[in-house]
Amino acid sequence: MSELRIAAEDPRQPDVTGLVRELDRLFEALYPAESNHLLDIETLARPEIRFFVLRSNGDAIGCGALWIHKDYGEVKRVYVRTTARGLKLGHLIIRKIEDEARALQLPLLRLETGIHQPEALGLFASAGFSICGAFGDYPADDPNSVFMEKRIA
């Protein structure tokens, strides 16, 4: 069995940047530009964001981020490479984000995902997230967006 490790890391590392770019290409293929609410690498490295990398034997195979807002945490950039899917690794990433949010005493996690990602919708639902209304600066009328939240306090 491979050695798995998930930890906060700098997203500007070349192997991690490649992982994020894979995710960008996936979203760009699924949605029009106005429906892609992607945080770039430099934004992901800001102090109000905790960026986590899942590694298998040292190789970056997944990631996820927690964007710290005043009253909630926002889940961003949850991704597992196709070669590592089906192993419930997305749950490890979500759990790490939740643990960090609890440590920061955030009472609520929110996220925006897309209608063309059944695996992501299933992951978030099975992790206890439920459908909610738009939040933050997201347009409430984007037909491609699904908004979810989970109370963690």
Side-chain angles (χ1 to χ4, degrees), residues 4-9 11 16-17 19-55 60-153:
L4 290 176
R5 182 180 72 87
I6 185 167
E9 294 189 26
V16 178
T17 299
L19 190 67
V20 172
R21 289 202 174 109
E22 276 180 37
L23 183 54
D24 287 349
R25 287 190 296 275
L26 172 65
F27 287 151
E28 289 164 0
L30 291 174
Y31 304 104
E34 64 273 10
S35 293
N36 274 318
H37 309 287
L38 307 175
L39 300 181
D40 63 27
I41 295 293
E42 288 305 314
T43 302
L44 291 170
R46 290 171 35 187
E48 67 272 17
I49 296 181
R50 304 293 187 276
F51 189 83
F52 300 101
V53 178
L54 177 63
R55 293 185 179 274
I61 61 166
C63 61
L66 172 65
W67 186 359
I68 303 161
H69 296 276
K70 181 181 177 188
D71 299 323
Y72 64 92
E74 184 175 352
V75 177
K76 298 292 287 183
R77 295 301 200 154
V78 174
Y79 178 66
V80 175
R81 282 202 160 122
T82 55
T83 55
R85 292 204 183 141
L87 303 172
K88 305 290 184 190
L89 299 177
H91 289 278
L92 292 176
I93 297 167
I94 294 295
R95 192 171 321 124
K96 184 69 171 179
I97 291 169
E98 285 184 18
D99 289 347
E100 182 71 11
R102 280 189 190 92
L104 293 167
Q105 299 182 331
L106 296 170
L108 178 70
L109 285 175
R110 290 180 167 158
L111 62 87
E112 181 273 341
T113 191
I115 61 170
H116 301 303
Q117 295 166 260
E119 296 88 355
L121 290 166
L123 167 66
F124 296 132
S126 69
F129 286 81
S130 57
I131 302 292
C132 67
F135 62 90
D137 294 332
Y138 292 103
D141 60 349
D142 186 342
N144 293 300
S145 287
V146 176
F147 300 97
M148 302 180 87
E149 66 183 14
K150 177 181 181 178
R151 292 233 166 254
I152 58 170

About how many Å separate [atom2] of [Y] and [atom1] of [X], when rounded to the nearest 0.5 Å?
{"X": "F52", "Y": "E100", "atom1": "CZ", "atom2": "CD", "result": "4.5 Å"}
{"X": "L19", "Y": "R55", "atom1": "CG", "atom2": "CZ", "result": "9.0 Å"}
{"X": "I97", "Y": "L66", "atom1": "CD1", "atom2": "CG", "result": "6.5 Å"}
{"X": "S130", "Y": "M148", "atom1": "OG", "atom2": "CE", "result": "6.5 Å"}
{"X": "E22", "Y": "F27", "atom1": "CD", "atom2": "CZ", "result": "12.0 Å"}
{"X": "E28", "Y": "R25", "atom1": "CD", "atom2": "CZ", "result": "8.5 Å"}

Which heavy atom of [X] sits nearest to which heavy atom of [Y], and what is that distance?
{"X": "I94", "Y": "A127", "answer": "CG2-CB, 3.9 Å"}
{"X": "L111", "Y": "F135", "answer": "O-CE2, 3.4 Å"}
{"X": "L44", "Y": "A65", "answer": "CD2-CB, 4.2 Å"}
{"X": "I93", "Y": "I6", "answer": "CA-CD1, 3.7 Å"}
{"X": "A101", "Y": "L109", "answer": "CB-CD2, 3.8 Å"}
{"X": "I115", "Y": "L121", "answer": "O-CD1, 4.3 Å"}

>> Run the side-chain contact (heavy atoms from CB on, under 4.5 Å) test against K150 and tell me which residues pass, sequence neighbours left out.
In response: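 Expected list: E98, F129, I152.
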> Under 6.0 Å from the CZ atom of R21, do we count more than 12 heavy atoms belonging to anything else shown?
Replying inline: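 Counting neighbours around CZ of R21, 12 or fewer heavy atoms of other residues, nucleotides or ligands fall under 6.0 Å, so no.
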> Is the count of non-hydrogen atoms from other residues, nucleotides or ligands lying under 6.0 Å from E34 atom CD greater than 12?
Replying inline: yes
> Aromatic rings H69 and W67: how do their planes relate, parallel, tilted or perpendicular, breaks at 30° and 60°?
Replying inline: tilted
Would you confirm whether [X], through its side chain, and [Y], through its main-chain N or O, come within 3.5 Å as a donor-acceptor pair?
{"X": "R77", "Y": "C63", "result": "no"}
{"X": "R85", "Y": "V80", "result": "yes"}
{"X": "T17", "Y": "P11", "result": "yes"}
{"X": "R81", "Y": "A60", "result": "yes"}
{"X": "K76", "Y": "H37", "result": "yes"}

> Are Y31 and Q117 close enough, and set up right, to give a side chain to side chain contact (heavy atoms under 4.5 Å, CB included), and what steps lead you there?
Replying inline: CA-CA 10 Å; Y31 304 104; Q117 295 166 260; 2.9 Å; yes
> Is it true that R110 and E74 make a salt bridge, defined as a side-chain N closer than 4.0 Å to a carboxylate O?
Replying inline: no
> Are L108 and D71 close enough, and set up right, to give a side chain to side chain contact (heavy atoms under 4.5 Å, CB included), and what steps lead you there?
Replying inline: CA-CA 7 Å; L108 178 70; D71 299 323; over 6 Å; no
>> Under the criterion side chain to side chain contact (heavy atoms under 4.5 Å, CB included), I'd like the reasoning laid out for I68 against R46: C-alpha separation, chi angles, the key distance, then a yes or no.
In response: CA-CA 10 Å; I68 303 161; R46 290 171 35 187; over 6 Å; no
> Is I61 close to L4 at the side-chain level, that is, under 4.5 Å between some pair of heavy atoms?
Replying inline: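 Counting from C-beta outward, L4 and I61 do come under 4.5 Å.
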> Residues in salt bridge (charged side-chain N to carboxylate O under 4.0 Å, His left out) with R5, at least two apart?
Replying inline: E9
>> side chain to side chain contact (heavy atoms under 4.5 Å, CB included) for L23 and L38? Distances and angles first, verdict last.
In response: CA-CA 9 Å; L23 183 54; L38 307 175; 5.8 Å; no
